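See structure below.
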Amino acid sequence: MIKANIQKILSDIPASVMVVAAAKTRTPEDISEAIEAGITAIGQNYVQEAERAYLQIGSKANWHLIGHLQTNKARKAARIFDMVQTVDTLKLASAINQACKEAGKRMPILIEVNSGEEAQKAGAMPGDLFKLINDIAALPNVKISGLMTMGPLSDKPEDSRPFFRITRRLYEEVDRSGIDNVEMKFLSMGMSDSYRVAIDEGANMVRLGTCIFGERISPR
Ligand SMILES: *Cc1c(COP(=O)(O)O)cnc(C)c1O
């Protein structure tokens with residue numbers, strides 16, 4: 001089932017789009033099956049859950065943190081993850097920078113954009129993005145490699161389009177501004193119900209859970 005889902009998705013989308021399998025609540029067996037079917041990046045929302053899967057699976061795939069990171073878990077995150085997609089404050093970037101310095105590595109990060117400018121939501125507000133990127137660009141052990149957005153929750157994929165478009169524009173603006181130590185390589189947007197719209201609006205990285213693994217039994 002997982003294998004067939006992945007084969008269909010990978011044959012449907014352009015080869016230039018990277019699929020990150022969003023694996024929250026899934027077993028290491030499910031994740032292994034996804035990797036065998038051609039998935040190269042696994043998205044995890046929680047450090048604890050990622051660690052369990054990572055200990056079984058190791059570096060057969062790249063591990064992406066796609067959930068919020070608490071600064072006190074930065075050390076563990078620095079060991080497990082190959083990319084952190086959810087950086088939205090200088091404080092968090094600094095904690096990752098410090099942890100990576102100790103671990104002797106440099107972490108590719110995406111800046112999460114609160115494209116819907118929702119009060120309770122994670123992500124940097126579009127108006128604060130350039131200052132944040134300039135500040136984080138000074139940290140030697142993280143590398144800004146793109147932008148990520150969720151957009152407001154909706155059951156209609158088309159509702160996401162304006163927010164994907166806003167994020168795409170920001171991505172291009174940052175790219176054009178040519179800030180040292182900043183590379184706009186990945187634009188991560190779109191989930192199971194919205195990835196087609198996201199790709200249409202320029203996403204080159206999509207985060208897919210349900211359409212790979214099936215409905216979550218305990219949704220969160
Ligand atoms: C769960 C999750 C996804 C995938 O959601 P689906 O609707 O199951 O595809 C993508 N991004 C983030 C940040 C998630 O938490």
Side-chain angles (χ1 to χ4, degrees), residues 1-10 12-13 17-27 30-31 33-35 37-53 61-70 73 77 80-89 92 96 108-116 118 120-124 145-161 163-164 167-168 186-220:
M1 185 64 180
I2 292 171
K3 192 170 181 201
N5 289 343
I6 290 168
Q7 284 169 345
K8 185 171 184 319
I9 293 161
L10 292 181
D12 274 357
I13 64 172
V17 176
M18 187 192 290
V19 175
V20 178
K24 55 180 173 278
T25 77
R26 312 302 177 171
T27 63
D30 286 348
I31 297 171
E33 191 176 338
I35 295 168
I39 291 294
T40 58
I42 305 297
Q44 290 282 3
N45 291 65
Y46 303 96
V47 174
Q48 209 85 18
E49 192 176 344
E51 187 180 32
R52 248 174 283 139
N62 285 325
W63 298 84
H64 290 209
L65 183 60
I66 61 171
H68 179 69
L69 177 62
Q70 290 166 291
K73 299 222 170 77
I80 297 171
F81 291 104
D82 302 291
M83 180 183 283
V84 178
Q85 294 204 10
T86 48
V87 176
D88 59 357
T89 61
L92 177 56
I96 297 168
I109 60 171
L110 307 185
I111 305 299
E112 181 173 0
V113 179
N114 184 350
S115 54
E118 297 169 278
Q120 303 303 322
K121 200 122 165 187
S145 305
L147 303 181
M148 178 273 216
T149 200
M150 300 274 288
L153 222 67
S154 166
D155 49 15
K156 291 200 280 315
E158 275 301 325
D159 290 351
S160 298
R161 190 181 293 275
F163 304 101
F164 292 158
T167 310
R168 159 78 179 274
F186 300 111
L187 181 55
S188 172
M189 45 188 206
M191 319 206 303
S192 289
D193 55 356
S194 60
Y195 72 90
R196 288 184 185 83
V197 175
I199 292 170
D200 211 30
E201 294 298 335
N204 60 14
M205 183 178 271
V206 294
R207 307 176 311 270
L208 308 180
T210 314
C211 69
I212 288 176
F213 297 108
E215 291 296 330
R216 278 182 290 279
I217 294 157
S218 54
R220 41 167 148 130

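Bear in mind the structure is a predicted one, so any value in this text is a computation, not a measurement. Counting starts at 1 for both ligands and their atoms, following the listed order.
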| If every non-hydrogen atom of I31 is compared with every non-hydrogen atom of Q44, which pair is closest and at what distance? | CD1-NE2, 3.7 Å
| message | Heavy-atom pairs closer than 4.0 Å: do any link ligand 1 to the side chain of S192, the backbone, both, or neither? | response | both
| field | side-chain contact (heavy atoms from CB on, under 4.5 Å) partner of Q85, the single match among S188, S145, P108 | value | S188
| message | Taking 4.0 Å as the limit for heavy-atom contacts, which would you say applies to D193 with ligand 1: side chain only, backbone only, both, or neither? | response | neither
| Rounded to the nearest 0.5 Å, how far apart are CD1 of I66 and CG of L110? | 11.0 Å
| query | For ligand 1, which atoms have a heavy atom of N45 less than 4.0 angstrom away? | reply | 14 (C), 15 (O)
| field | Subset of ligand 1 atoms that lie under 4.0 Å from at least one heavy atom of T210 | value | 6 (P), 7 (O), 8 (O), 9 (O)
| Under 4.0 Å to a heavy atom of R207 - the qualifying atoms of ligand 1, by number | 4 (C), 9 (O), 10 (C), 11 (N), 12 (C), 13 (C)
| Any heavy atom of M150 sitting closer than 4.0 Å to ligand 1? | yes
| query | Hey, which atoms in ligand 1 end up nearer than 4.0 Å to a heavy atom of L208? | reply | 9 (O)
| message | Please report whether ligand 1 has a polar contact with G209, defined as an N or O pair separated by less than 3.5 Å (distance criterion only). | response | yes
| query | Within a strict 4.5 Å, meaning less than it, do heavy atoms of the H68 and T86 side chains meet? | reply | no
| E158: partners by salt bridge (Lys or Arg N to Asp or Glu O under 4.0 Å), with sequence neighbours left out | R161
| message | For the CD1 atom of I6 and the CZ atom of F213, what is their distance to the nearest 0.5 Å? | response | 6.0 Å
| query | Would you say the side-chain atoms of T89 pair up with the backbone N or O of L92, donor to acceptor, closer than 3.5 Å? | reply | yes
| Near K24, which atoms of ligand 1 are under 4.0 Å from a heavy atom of that residue? | 1 (C), 2 (C), 3 (C), 14 (C), 15 (O)
